[in-house]
Amino acid sequence: MGNYGSVLWNITSALLAIWIVHKYLCAFFNRRKNNIFSVTFNVIFILFQFEINCHNEATPLLVLFLNIIFVWLISLSGYHKAGKSKLLYTVLLYTIWMLLEIVVYFLLQIFPVSDIEFEILGSVISKLFAIILVEVIEHRFSEFLFEPIPIMELVRVQLIPISSIIIAHIVFVDGNNSASNLIIFSILVLMNIVAFEIYQKLSNSILIQREKVAFEQQLYMITKNTEEKKRAMNLFYEERHNLKNQFIVIREYLKQNKIDEVEGMIDQIICRTDIAQEKVAYSGNDIVDAIINSKYGIAMELDIDFDLEIFLPHELNIQQCELGIILGNLLDNAIEATAKCNIDVKIIYIAISVKKQELVIVVRNPFVNELQRNKYGNLMSTKGETNHGYGISSVRKVVEKYQGELLIETENNEFSVTIIANVG
Amino acid sequence: MINIAICDDENVIVNQIEEIIEETCSEQLLQCEIDVFYGGKPLKEQVVAGNHYDIIFLDIEMKNEDGISAAKQIRKVDENVLFIFISGYEKYLMELFQLNVFRFIKKPINKEQLVKYFLAAYQNICDNKVYFSFCYKSEEFKVLIKDILFFESSGRKILIHLKGGMIHDFYHKLNDIENEIYYSKIPFLRIHQSFLVNFHWIKSRTRTCVKMMDGSILPISEDRERSFRMKYAKVLGGEMIG
């Protein structure tokens, strides 16, 4: 074959290497737009691969280490998401690849081939294996989304491929080409593939845990909703019952021709209707009105009044349930905090409008307790350890969706929440 | 001296508002002149003809959307006038909210609320009379801050983009301007290392850029994204109260 064949193969091999790397990375991450870093690292990697193919003398450990670093840099610059898990994937890839090469090396020892042919054959076969492996990975693993897992777990899982590399090197350096070594390497390969599975299951379980939390949140909101409806219905039935009684009395008065009393009774009914009216919001937007009126009922029972300055268009570019989450949670918190205050006049101030294509919501209420902040500086929940207290974080999620912001300020015993959401 | 227009097809409302404003002005020793209209068309004609008002109380529930169409026409001619819309119980379209409305007030009119809004409008007008001065080539220039759309830094120079498209330049640092202008009541937001933007001229924003009312689109730098959003929220929220 001669030199040209060799050189040609070296180039092809280098290009194949980068193709394998990208195929592997694509299985787990999304590509970013090409930038100067990713192009640079890719080129360096290709040149590096070409170099080590031409000169085979470099120590395997150094080559391995450099390979891992380059591929990690390629993944950081060319793909989105977590840098820590990228390191893990890179190490895993190279462990398995290296082990494959060793397996191939041993297998080839069985066949009588010249040195040069040995090199090239070994290179070809191990690349083939690598391609098959990456294809398998792409098909099997690409369906799963990997959630970031805590760093301690990540480190622990990293130990598997790292220790495999160490073991492989010790055994390899030993020089014995026995069948038992072959078995050792095969086991190491399998072990690393299993490491993939473990990582995947781990992140899966974290995903499930998160879903569970979201589910509990929903249960809580629905329960609250149902309670409010029940209250409103009960009030309605009570009023109707009272009305019926009043009509019975009116009928009696009519029979007895007591017209003045009848008039008095009717005035009473009219008056009562006005007072029992729980409709307080006329913002122009039905959904917002419904939410505010619903919360107003509860507030009234706790002697809390609403001061409203709400002007909205008939239709807003935000979903009903999202509005419900934001307003519902803000008002629940405001009502809870105000109820705890020991002041004569309890008023919650609510202002909502649309300015500069943003939905702007301001809720202000008095409060007494010391606010507790957790170690990240975020306000801690006032509810117990269990299922409640996801109000503000749900609101944050919705607000983030609309590129908005949630601002909390406390001044003079007054708690103020401002929300903006892009509805333009 | 500020010019006020009241436009409503109901005589009762017009009188009520006029009385309250006059009372407030005499109490607070403010100078104002009030013109009264009973329909959108006459008001529109006056404004288009060049009669400038600082505050317009406008009923948006007059017949044939008279008030709304007048508001739209007026806004085209005058970007600065403060609208205080008088509304009833109807449903409104989003386009009404794109006219940069100062406040809404519902019928029946609550006296306290009207006074509160009127004084806020008056304060707004006074705050807008502040000037920004700078030196260039030994000459001193003065511009109304409310006419400044944004400051842009380019090399060692600062470019002031003004209403009407004019651009002045002078030597200064954007950080220093940011500090100086903090003392005026008009909020300026640092969206980028090179851009300092007048809040009132912002039309809308996305995560990565800000659209101004004259059509220019300015970038928001990644590291200032969060702080810009928080300040923007604070100013927007502040506009709602009082």
Could you give the side-chain donor-acceptor pairs of residues 187-195 of chain B under 3.5 Å, partners two or more places apart or in another chain?
unit_1: B/Arg190; atom_1: NE; unit_2: B/His192; atom_2: O; d: 3.1
unit_1: B/Arg190; atom_1: NH1; unit_2: B/Asn175; atom_2: OD1; d: 2.7
unit_1: B/Arg190; atom_1: NH1; unit_2: B/Glu178; atom_2: OE1; d: 2.7
unit_1: B/Arg190; atom_1: NH2; unit_2: B/Asn175; atom_2: OD1; d: 3.2
unit_1: B/Arg190; atom_1: NH2; unit_2: B/Gln193; atom_2: O; d: 2.8
unit_1: B/His192; atom_1: ND1; unit_2: B/Ser194; atom_2: N; d: 3.1
unit_1: B/Gln193; atom_1: OE1; unit_2: B/Arg224; atom_2: NH2; d: 2.4

* Asked: Between B/Arg103 and A/Glu309, is there a salt bridge with N-O shorter than 4.0 Å?
  -> no
* To do: Could you tell me whether B/Lys234 and A/Glu405 make a salt bridge, using a distance below 4.0 angstrom between a side-chain N and a carboxylate O?
  => no
* Asked: Under 3.5 Å, side chain of A/Lys355 to main-chain N/O of B/Leu236, donor-acceptor pair present?
  -> no
* Does any N or O in the side chain of B/Lys106 come within less than 3.5 Å of the main-chain N or O of A/Tyr282, such that one atom is a donor and the other an acceptor? -> yes
For residues [X] and [Y], report the shortest heavy-atom separation together with the two atoms involved.
X	Y	answer
A/Glu358	B/Tyr232	OE2-CE2, 3.5 Å
A/Ser353	B/Phe97	OG-CE2, 3.9 Å
A/Lys356	B/Ile202	NZ-O, 3.0 Å
B/Arg229	A/Gly404	NE-O, 3.2 Å
A/Val360	B/Met240	O-CE, 3.4 Å

* To do: Mind checking the NE2-OH spacing from A/His314 to B/Tyr92? Nearest 0.5 Å is all I need.
  => 12.5 Å
* Would you mind checking which part of A/Ile352 comes under 4.5 Å of any heavy atom in chain B, side chain (CB onward), backbone (N, CA, C, O), both or neither? => backbone
* **Partner chain B: residue of A/Val362, A/Thr418, A/Leu407 with the largest heavy-atom pair count (under 4.5 Å)** => A/Leu407
